[in-house]
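Some notes on the structure that comes next.
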2 protein chains.
Amino acid sequence: MKAASLNQRRDEIMDIAVEILTERGYRDTSMLEVAKRASASKETLYAWFGDKRGLFEAVIQRNAQAVQTVLAHHLAGNAPAERVLMAFGCALLELLLGDGAVAINRAAISEARADPTLAQTLASAGREATLPAFIQFLELHRKRGVLRIDTPSEAAEDFLGLLLGDTQVRRLLGLLSAPRKAQINARAARATHAFLRLYAA
Amino acid sequence: MKAASLNQRRDEIMDIAVEILTERGYRDTSMLEVAKRASASKETLYAWFGDKRGLFEAVIQRNAQAVQTVLAHHLAGNAPAERVLMAFGCALLELLLGDGAVAINRAAISEARADPTLAQTLASAGREATLPAFIQFLELHRKRGVLRIDTPSEAAEDFLGLLLGDTQVRRLLGLLSAPRKAQINARAARATHAFLRLYAA
DNA sequence: AAAAAACCGTACCAGTGGGTACGCTTGCTC
DNA sequence: GAGCAAGCGTACCCACTGGTACGGTTTTTT
């Protein structure tokens with residue numbers, strides 16, 4: 001049970017890191033405050049995560065992993081395309097526009113120059129892990145004759161575009177607050193509908 | 001000629017500010033370096049722009065203004081819808097994905113928590129100034145019977161989504177470099193084509 | 001040409017945060 | 001229960017940056 005409670009503690013610290021990250025932004029999140037609020041010592045933080053970057057890299061990886069499993073689950077079933085698109089869209093919106101994800105993306109973006117590592121990690125653990133599954137889903141339905149698609153990867157990007165519009169950027173800029181369930185449903189429905197108008201066989 | 005050369009000097013300083021912003025990011029852009037590279041004194045900078053935030057607020061405003069006039073120009077003519085969409089799309093991509101614009105958006109995003117002012121300014125001088133013109137353009141062509149659109153504002157967002165996909169975010173994350181002319185054309189063409197498939201009467 | 005305003009360069013101040021070192025406590029192992 | 005490792009709290013070092021003050025020089029105005 002030692003290993004279990006150790007991981008639990010790690011999670012606890014990462015939760016707090018995200019919490020402070022959302023309140024303050026990356027640069028104004030001090031290791032001291034993370035330590036204090038977690039009732040940990042700075043030295044422990046540095047021992048466990050290496051440095052500030054390491055801490056948030058761990059945070060990003062954990063988060064992306066969680067996202068990945070949720071999305072993969074939605075794509076796995078054998079439901080009709082429309083239903084899958086709808087569910088996938090809702091999940092994606094919820095995961096991408098939530099406060100935590102926004103804070104993380106902001107961090108990766110602000111450090112993109114000084115330290116591309118965060119963005120790299122975010123990309124490879126996030127988009128690069130999920131998109132192939134979505135493309136595979138599109139190809140499956142193309143073979144079934146449900147969708148008429150030339151280039152699945154482009155079609156995938158179209159769906160993302162229709163789904164998000166410029167909402168994500170506006171969210172990152174702080175011009176929007178996290179959307180409610182109803183708004184998420186509406187967006188996903190609109191995107192699904194438009195996508196099918198474009199690509200339904 | 002005093003006023004002219006004064007404005008010229010202001011522009012010069014703002015150019016340098018953007019230059020350093022693109023190489024270092026907002027937080028790591030020091031007023032001292034801006035002053036030095038502009039052969040100006042810190043005190044002058046503070047006298048002219050108030051503080052760091054003021055300097056970059058001025059930068060944002062100037063930039064947004066430039067963007068605004070370019071885009072408005074494309075929307076103004078009386079060309080067929082497809083041609084306008086194509087031109088507008090290209091211009092928008094070029095302006096939104098260029099190094100300068102990316103640096104500015106990154107700055108606004110990183111400071112979104114600590115100081116929402118930059119993002120606010122960016123929004124009101126940028127999107128809020130241009131989108132209405134685009135919506136008006138859509139409405140015009142609806143009335144002409146060229147486009148079948150329920151809600152112009154939603155259609156506008158669809159076009160933006162199709163145009164950008166998640167390219168802008170990936171660009172902000174530093175995963176992409178500024179696109180070449182050919183890529184811009186391809187994207188704009190695809191978006192225009194898809195948009196017309198969705199909304200052509 | 002003289003007076004006045006603007007401006008450059010430099011030095012200075014205060015606050016801050018990442019990262020390290022160290023003593024003391026806690027809790028697990030044997 | 002003794003020994004040992006892990007971890008908490010604090011203090012410390014160092015570098016840096018935003019913002020201000022000041023003296024000397026250039027430029028404008030009159």
Side-chain angles (χ1 to χ4, degrees), chain A residues 1-17 19-59 103 106-108 110-111 113-118, chain B residues 1-21 23-60 103 106-108 110-111 113-115 117-118:
Chain A
M1 66 174 157
K2 177 186 153 195
S5 80
L6 209 80
N7 278 353
Q8 206 174 329
R9 184 85 175 111
R10 257 182 86 95
D11 273 348
E12 205 178 314
I13 289 177
M14 287 195 270
D15 286 341
I16 285 168
E19 188 181 306
I20 300 181
L21 186 68
T22 56
E23 321 180 345
R24 302 227 190 293
Y26 185 74
R27 277 311 232 270
D28 294 334
T29 293
S30 80
M31 293 296 269
L32 179 62
E33 188 170 359
V34 175
K36 263 187 180 166
R37 213 182 282 188
S39 297
S41 94
K42 267 175 79 175
E43 193 160 7
T44 306
L45 256 58
Y46 280 97
W48 284 15
F49 298 98
D51 57 15
K52 189 176 175 179
R53 189 182 112 312
L55 170 59
F56 286 98
E57 194 144 334
V59 166
R106 276 187 191 147
S110 10
E111 300 307 300
R113 275 286 144 190
D115 170 26
T117 328
L118 294 180
Chain B
M1 69 173 155
K2 176 188 153 195
S5 82
L6 209 80
N7 279 353
Q8 207 175 328
R9 184 87 175 109
R10 257 182 85 96
D11 272 349
E12 206 178 313
I13 290 178
M14 287 194 270
D15 286 341
I16 286 168
V18 173
E19 188 182 305
I20 301 181
L21 186 67
E23 11 184 292
R24 303 228 190 293
Y26 185 75
R27 275 314 231 268
D28 295 334
T29 293
S30 81
M31 293 296 270
L32 179 62
E33 189 170 0
V34 175
K36 264 187 180 165
R37 214 183 282 189
S39 295
S41 93
K42 267 175 77 176
E43 192 160 7
T44 306
L45 257 57
Y46 282 96
W48 285 15
F49 298 97
D51 58 15
K52 188 175 177 180
R53 189 180 112 314
L55 171 58
F56 286 97
E57 193 143 332
V59 165
I60 288 175
R106 277 187 190 145
S110 16
E111 300 306 301
R113 274 287 143 194
D115 170 25
T117 328
L118 294 180

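Reminder, nothing fancy here: chain letters follow the sequence lines and each chain counts from 1.
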Let me spell it out: for each of Glu43(B) and Arg53(B), pick the nucleotide of DNA chain D with the closest heavy atom. Which residue's pick is nearer the 5' end? Arg53(B)
Assign each of Leu32(B) and Tyr46(A) the nucleotide of DNA chain C bearing its closest heavy atom; nearer the 5' end lies the nucleotide of Leu32(B)
Quick one: is Trp48(B) getting a side-chain N or O under 4.0 Å of the dC7(C) phosphate, OP1 or OP2? yes
Would you indicate what Lys36(B) reaches in the nucleic acid, counting non-hydrogen atoms under 4.0 angstrom: base, sugar-phosphate, or nothing? nothing
Write down the distance between CD (Glu33(B)) and P (dC16(D)), rounded to a whole number of angstrom. 12 Å
Check the distance between dT16(C)'s C1' and Arg24(A)'s CZ and give it to me in whole angstrom. 14 Å
Just verifying a value: how many Å separate Tyr26(A) OH and Arg27(B) CZ, rounded to the nearest 0.5 Å? 12.0 Å
Figure out the CD/C1' separation between Gln8(A) and dA6(D), and round it to whole Å. 17 Å
Nearest-nucleotide 5' precedence on DNA chain C, Asp28(A) against Gly50(A): Asp28(A)
Rounded to the nearest Å, what distance is computed from the CZ atom of residue Arg10(A) to the P atom of nucleotide dA6(D)? 15 Å
Side-chain heavy-atom pair Glu57(B), Phe49(B) within 4.5 angstrom cut-off: no
Between dC8(C), dT20(D), dG18(C), which one does the side chain of Arg9(B) approach most closely? dC8(C)
Whole Å only: how far is the CG atom of Leu45(A) from the P atom of dG7(D)? 11 Å
Mind calculating the distance between CD1 (Ile20(B)) and P (dG18(D)) to the nearest angstrom? 11 Å
So, do Asp15(A) and Glu19(A) sit near enough that their side-chain heavy atoms are less than 4.5 Å apart? no
Rounded distance (Å) that lies between atom C1' of dC16(D) and atom CZ of Arg27(A): 12 Å
Ile13(A) has an atom CD1; how far is it from atom P of dC8(D), in whole Å? 7 Å
Polar side-chain contact Lys52(A)-dG19(C) base: donor and acceptor under 3.5 Å: no
Is there a side-chain contact between Glu111(B) and Arg53(B) in this structure, where contact means two heavy atoms from C-beta onward sitting under 4.5 Å apart? no
Residue pair Leu55(A) / Trp48(A), side-chain heavy-atom distance below 4.5 Å: no
With a 4.0 Å cut-off on heavy atoms, is Ala40(B) in touch with a base, just the backbone sugar-phosphate, or nothing at all? sugar-phosphate
Please check the phosphate of dC8(C) (OP1 and OP2 only) for any side-chain N or O of Thr44(B) closer than 4.0 Å. yes
